[in-house]
Number of protein chains: 2
Amino acid sequence: MKKKKTTILDVASLANVSVATVSRVVNKQGGVKPRTEKKILEAIAELGYVRNAIARSMVRKETKTIGVLIPDITNPFFSRVISGIEREAVRRGYHTILSSSQDSEDIERNVLDNFLERGIDGLIITTSNEYGQHLERFMDSDIPVVAVDRQLHHYEVDTVLSGNREGAYEAIQHLTNQGFRKIAIIRGPQSTTPGLERYRGYKKALNDHGIDIVEEWIVDGDFGEESGYQAARTLYSLEDKPDAVFSSNNLMSMGALKAMNELQWEIGKDLGFIGFDDIDISTFHKPNLTMIARNMQHLGKVSFDYLRARMDDENEFKHKREYIMSPSLIIRDSSKRP
Amino acid sequence: MKKKKTTILDVASLANVSVATVSRVVNKQGGVKPRTEKKILEAIAELGYVRNAIARSMVRKETKTIGVLIPDITNPFFSRVISGIEREAVRRGYHTILSSSQDSEDIERNVLDNFLERGIDGLIITTSNEYGQHLERFMDSDIPVVAVDRQLHHYEVDTVLSGNREGAYEAIQHLTNQGFRKIAIIRGPQSTTPGLERYRGYKKALNDHGIDIVEEWIVDGDFGEESGYQAARTLYSLEDKPDAVFSSNNLMSMGALKAMNELQWEIGKDLGFIGFDDIDISTFHKPNLTMIARNMQHLGKVSFDYLRARMDDENEFKHKREYIMSPSLIIRDSSKRP
DNA sequence: ACCTAAAATGTAAACGTTTAGATTTTGTCG
DNA sequence: CGACAAAATCTAAACGTTTACATTTTAGGT
């Protein structure tokens, strides 16, 4: 026995007023006599009226909803960023529609088309392809966009990044200070900002310290765990093994550590290690792992703040803005010289 | 220079047909001549028309959106469940609105009110309080609900759970088989199904094996990391220390392990250990950790499937359904008798 | 009591679809 | 060629708000 939804009309007629007046009290716009307001509030309570946000969006042309599109919720980095976004969003009366792209451009395009239909008020995205043109349709729509942790080279959008180069630089510098000279890097995809910039930081640090770059010690991964695992094995198989490894992200660190573990390639004894982004393991691993950490929740919060600035007033900033959050090197034991 | 959104009307007039016909081709309902269809498709392409889902929802009275409300996205358990939900949802043409309650009843109520306004088609929830009546308003709405990992004792809703008691039982049994006799438990909140049932499994296993329950070895946590940490310290401070510890969830395991680490209370030497829900650490910790694992993605998928059954046809199942997924004990080294 | 400005309330159009039911077009068959 | 059923298309109402503008009520001043 489905109960009919009660509408603003029902409330109006029960309270003996017009829908306009009801609307005014529901939206707390003031300018209605206390006595009538009371009548209306009572009617609302009696009927259990709840305003229909769909109809409201229809005329208001805003949904108070933002879309969030990231590659994978399961990655602790993203789940924390999302958490930061979501927390800030509800605080501001927005809701968050979430989709993951599994790093597929096709899925990305689909999701975005869908977001478009739904009329989200803004988008926060970590794209799978920074150079892709597949966001065209969405970008045509004038809906504000913030790119987080990745850039969108073909479009002018606000961007929230971390100090990737700087973080990596600091890590490598720290390793050299400890006396490591044969430092390998497990790189992320060079088509992504974090992948590329972290590598640049690595190169620059080595250069600045007069250490030659050895091709063999540069191996590529895709930011996934398995690729970190393979990369570590590759490095181990080398005639001339590195004496330290820098891993470009959390998942690859996990994989690499797993491999090292299996190979009995011992950090602290045979090997120094630093990874970008802290992982749960770092304080359990023997020895503890030196890591580059960043406040991911905050990254999410800032992303939303940037987006909100655009949603509230699209003319507030003429040019794209860029926020860069500095990471910090947390020195533990894995970067100590044996 | 904001471009005016093009509507179905624009398309209709450009293609020289009525809106009804356009609607039919947009929705692929058939019954329109190939020639007209072509005209319409061309008009759509030319104008860059995208259908307005808000208006559509308005008349269809469905949003193709489900709400997901969990305590904390950051917990790997939930992020995996969500991932499972979301994956299945998009596959079925649904979108997912996500909110976290931070285990607060007030936030839960607020979010739910909001969900109600927005007219979600269904809800998947892990409530903060299984006995709470704070869902009243939502429950009155006839929107299908699935409870996941927790029950909703005051309402008749479909529920997706894990074999909590069974999993704990198996774990404790395994410990006893290994010769442990002084087995402690770090309990979760007894007001929650996982907290309570895992404890019940613990008790039953001890009983069945003729081992007395020792009050001292039962300590309470709140499923948070800090509480696991404190619990382990409490156990360590005991005159008569346990020789094995069972931790009721992932975060508490993390905390407990941290404490044990600090206290140099060594698993594998002084102590056996098993935790409910696998954590990243388990294969890195020395010794490797025996854990009760479950397929969280699948838990999410099933939740969505249950929900969909109700959304598609609310009369398909008269009574509430309950799904219980068996976990599996992954035996590693932390449960070996020294 | 009357006038007037301000305050309160009301009226009705608009938002962009979907969909019954009405109407027109098409094609087949005698 | 006309009749008729089937196929294609159209018309218009409905969905539940918000809001500009119109109208009525209120209250203060004379």
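All chains are named by letter (A, B, ...) in the order of the sequence lines, taking the proteins before the strands, and each is independently numbered beginning at 1.
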Undergrad: Compare side-chain N and O positions of A/S57 against OP1 and OP2 of C/dC15 and report whether any pair is under 4.0 Å apart.
TA: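 No, A/S57 has no side-chain N/O under 4.0 Å of OP1/OP2 on C/dC15.
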
Undergrad: Between the side chains of A/R109 and A/D113, is the shortest nitrogen-to-carboxylate-oxygen separation below 4.0 Å, so that they form an ion pair?
TA: no

Undergrad: Below 4.0 angstrom, N of the basic side chain to O of the carboxylate: do A/E156 and A/K320 qualify?
TA: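 Answer for the salt bridge query: no.
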
Undergrad: Find out whether B/L123 and B/L112 are in side-chain contact, i.e. whether some heavy atom of one side chain is under 4.5 Å from a heavy atom of the other.
TA: yes

Undergrad: OP1, OP2 of D/dT18 versus side-chain N and O of A/R51: anything below 4.0 Å?
TA: yes

Undergrad: Can you check whether B/R60 has a side-chain N or O nearer than 4.0 Å to OP1 or OP2 of C/dT18?
TA: no

Undergrad: Any side-chain N or O of A/K61 below 4.0 angstrom from OP1/OP2 of C/dG16?
TA: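 Checking C/dG16 against A/K61, a side-chain N or O does come within under 4.0 Å of OP1 or OP2.
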
Undergrad: Any side-chain N or O of B/S18 below 4.0 angstrom from OP1/OP2 of D/dC10?
TA: yes

Undergrad: Respond yes when some side-chain nitrogen or oxygen of A/N27 is under 4.0 Å from OP1 or OP2 of D/dT18, and no when none is.
TA: yes

Undergrad: Give a yes/no verdict on a cation-pi contact between B/R321 and B/Y306, requiring under 6.0 Å between NZ or CZ and the six-membered ring centre and an angle within 45° of the axis.
TA: yes

Undergrad: Within the pair A/T36 and C/dT9, is there a side-chain N or O less than 4.0 Å away from OP1 or OP2?
TA: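 For A/T36, the contact criterion (side-chain N or O under 4.0 Å from OP1 or OP2 of C/dT9) is met.
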
Undergrad: Once you apply a heavy-atom cut-off of 4.0 Å, does A/S23 come out as touching a base, just sugar-phosphate, or nothing?
TA: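 The residue A/S23 makes base contact.
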
Undergrad: Starting at the 5' end of DNA chain D and moving along, which residue's nearest nucleotide shows up first, A/R35 or A/A20?
TA: A/A20

Undergrad: Looking across every strand, which nucleic acid part, if any, lies under 4.0 Å from A/V17 by heavy atom: base, sugar-phosphate, or nothing?
TA: sugar-phosphate

Undergrad: Has B/T21 got a side-chain N or O lying under 4.0 Å from the OP1 or OP2 atom of D/dC10?
TA: yes

Undergrad: So what does B/T7 hit on the nucleic acid, given a heavy-atom distance under 4.0 Å: a base, only sugar-phosphate, or nothing?
TA: sugar-phosphate

Undergrad: Taking CG from A/L9 and P from D/dT17, how many angstroms apart are they, rounded to a whole number?
TA: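 Rounded to whole Å, this separation is 8 Å.
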
Undergrad: Is the NZ or CZ atom of A/R308 positioned over A/Y94's six-membered ring, under 6.0 angstrom from the centre and within 45° of the axis?
TA: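 That pair does not qualify as a cation-pi contact.
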
Undergrad: Report yes if at least one side-chain N or O of B/K33 is closer than 4.0 Å to OP1 or OP2 of D/dA7; otherwise report no.
TA: no

Undergrad: Distance check needed: D/dC15 C1' versus B/N52 CG, whole Å only.
TA: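 My rounded result for the distance is 13 Å.
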
